[in-house]
Number of protein chains: 2
Amino acid sequence: MKPGVTLLTIGELSARSGVAPSALRFYEERGLIHSVRTGGNQRRYERSELRRVSFIRIAQQVGVSLERIREALAELPERRTPTKADWTRLSARWRADLDARIALLERLRDTLDGCIGCGCLSLQSCALYNPGDQLAAQGPGPRKLLA
Amino acid sequence: MKPGVTLLTIGELSARSGVAPSALRFYEERGLIHSVRTGGNQRRYERSELRRVSFIRIAQQVGVSLERIREALAELPERRTPTKADWTRLSARWRADLDARIALLERLRDTLDGCIGCGCLSLQSCALYNPGDQLAAQGPGPRKLLA
DNA sequence: CCTTGAGTTCAAGTGCACTTTAACTTGCAC
DNA sequence: GTGCAAGTTAAAGTGCACTTGAACTCAAGG
């Protein structure tokens, strides 16, 4: 066994990432991660896939859809460990989005208290709910939350 | 017509809140909002319901589930405009949660850049992904994201 | 060898948050 | 009083992110 070429089984990747095997297969189906196959058709994962999986989970935690994550990961080299430049590109792309989400959360936190005194959370005047009618204009549904 | 008792139709509430009528009926079915009925069985909403709807949408934007929102709203007086104390209670309840979500987002934003240099996003060492193994221990699935 | 736990595929099922459809009724404007 | 947009219900459908089940194969220890 050549050192450094230790591939992970799906069970091992699952254990190390905390993601169910079924979810890992699902991610692969959707093109978010990749595997090589053994002679007996079993999946084997390179260690770099662990990094991808962790990235997927982190992004999900903050509400990014799998499709958006797939797009982002598609810009990383398909099977090789990403370089500094790869991560920098991805980071820059998402920064505005993350900043916006942070701002929204902070507004909610700060305004929940603030509104208590100001009679807020009435649509006409609430700066939180109605920052330029932008939110309402985007239509209903959780589908569009990060659009 | 007594002044101050202007009830809203579902269409009006929809227009003012930016939430589809079907969603409003759905919220009512789930006990998040309430209506009174006309002789002909049509819904009429008090103005205070507008405040509830806006609250629902804001909370959804930051990833709170309808069930959690329902619980929160259940602590507000069912049909009456909430008092300062009502909002304060609700705000205090959610504060820790919101703070945690903000912290996670900020960590992702700051660490995405940081990890570029530190070889991070490998599960062993990444403080973002693995703050005390807490996230992984919570199991997979977007269902539990805010549990 | 043989057992057994881990892995495989494909199809169907689940939970959430709604939307759509169909068939029907109300209520305001003229 | 009549027309028609806006309202009503119940049931089925949709999109996302998975999970579960059935039926089967692989791989490593005793």
Side-chain angles (χ1 to χ4, degrees), chain A residues 1 6-33 35-45 49 53 55-71 73 138-147, chain B residues 1 6-33 35-45 49 53 55-71 73 138-147:
Chain A
M1 353 169 154
T6 335
L7 299 178
L8 301 170
T9 66
I10 195 167
E12 287 163 351
L13 183 58
S14 171
R16 278 165 183 277
S17 66
V19 174
S22 62
L24 293 174
R25 292 194 193 94
F26 178 74
Y27 292 160
E28 186 172 337
E29 204 178 285
R30 297 301 199 78
L32 282 92
I33 59 175
S35 64
V36 292
R37 297 301 179 110
T38 65
N41 198 37
Q42 296 198 353
R43 288 173 181 83
R44 288 298 181 271
Y45 297 94
E49 294 305 303
V53 174
F55 181 78
I56 293 166
R57 301 308 282 194
I58 294 166
Q60 280 202 312
Q61 297 270 338
V62 298
V64 183
S65 73
L66 280 192
E67 176 54 22
R68 283 261 292 147
I69 297 170
R70 197 197 54 70
E71 286 167 21
L73 287 175
Q138 275 172 23
R143 243 157 265 161
K144 302 186 179 173
L145 278 189
L146 245 193
Chain B
M1 352 166 157
T6 336
L7 299 178
L8 301 170
T9 66
I10 196 166
E12 286 163 351
L13 183 59
S14 171
R16 278 164 182 276
S17 65
V19 174
S22 61
L24 293 174
R25 293 195 193 95
F26 178 73
Y27 292 160
E28 186 172 339
E29 205 178 284
R30 295 303 199 77
L32 282 91
I33 59 175
S35 65
V36 292
R37 297 300 180 111
T38 65
N41 198 36
Q42 296 198 353
R43 288 172 181 83
R44 289 298 181 270
Y45 296 95
E49 294 305 303
V53 174
F55 180 77
I56 293 167
R57 301 308 282 194
I58 294 166
Q60 279 202 311
Q61 297 270 338
V62 299
V64 182
S65 73
L66 280 192
E67 176 53 25
R68 282 260 292 147
I69 297 170
R70 196 198 55 70
E71 285 168 20
L73 286 176
Q138 276 172 24
R143 245 158 263 160
K144 302 186 179 173
L145 279 189
L146 246 192

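Just so we're on the same page: letters track the sequence lines, and every chain starts at 1. Keep in mind that this is a model prediction, so the values were computed, not measured.
- Straight-line distance from the CZ atom of B:Arg25 to the C1' atom of D:dT9: 9 Å, rounded to whole Å.
- Across the interface with DNA chain C, nearest-nucleotide mapping of B:Glu67 and B:Gly40 shows B:Glu67 to be the residue nearer the 5′ end.
- Salt bridge status for A:Glu67 with A:Arg70: present, with a side-chain N to carboxylate O gap under 4.0 Å.
- For C:dT20, neither phosphate oxygen OP1 nor OP2 lies less than 4.0 angstrom from any side-chain nitrogen or oxygen of B:Ser22.
- Close to D:dG7, at under 4.0 Å from its OP1 or OP2, lies a side-chain N or O of B:Thr9.
- Candidate nucleotides D:dC18, C:dA17, D:dG7 were compared by shortest atom distance to the side chain of A:Leu66, and D:dC18 ranks first.
- Rounded to whole angstrom, the span from the CZ atom of B:Arg70 across to the P atom of C:dA17 amounts to 12 Å.
- For D:dC16, neither phosphate oxygen OP1 nor OP2 lies less than 4.0 angstrom from any side-chain nitrogen or oxygen of A:Gln60.
- In this structure, B:Phe26 atom CZ and C:dT19 atom P are separated by 9 Å, rounded to whole Å.
- With contacts defined as side-chain heavy-atom distances shorter than 4.5 Å, the pair B:Tyr45/B:Val53 does not qualify.
- Under 4.0 angstrom from either OP1 or OP2 of D:dG7 there lies no side-chain N or O belonging to B:Thr38.
- What separates CD of A:Glu12 from P of D:dA28 is a distance of 11 Å, to the nearest Å.
- Residue A:Pro21 is the one, among A:Pro21 and A:Gly39, whose nearest nucleotide of DNA chain D lies closer to the 5' end (criterion: closest heavy atom).
- In this structure, CD1 of B:Ile56 is placed 12 Å from C1' of C:dA17, rounded to the nearest angstrom.
- Put simply, CD on B:Glu29 is 13 Å from P on C:dT19, counting in whole angstrom units.
- Note on A:Arg57: a side-chain N or O is less than 4.0 Å away from OP1 or OP2 of D:dC18.
- Judged purely by atom type and a 3.5 angstrom limit, B:Ser14 uses its side chain to pair as donor or acceptor with the backbone of B:Val19.
- Residue A:Arg44 places none of its side-chain N or O atoms closer than 4.0 Å to OP1 or OP2 of C:dT8.
- The residue among A:Tyr27 and A:Gln42 whose nearest nucleotide of DNA chain D is located toward the 5' end is A:Tyr27.
- Distance, B:Arg68 CZ to C:dC16 C1': 16 Å, rounded to whole Å.
- Residue contacts for A:Arg37: at a heavy-atom cut-off of 4.0 Å it reaches the sugar-phosphate backbone alone, with no base atom in range.
- Residue A:Arg43 is in sugar-phosphate contact alone, with no base atom involved, counting any heavy-atom pair closer than 4.0 Å across all strands shown.
- One atom, CD1 of A:Ile10, and another, P of D:dC26, lie 17 Å apart when rounded to the nearest Å.
- Considering every non-hydrogen atom in both B:Arg68 and B:Val64, the closest pair reads CB-CG1, 3.4 Å.
- You'll find the side chain of B:Ile56 reaches within 4.5 Å of the side chain of B:Ile33, heavy atoms only.
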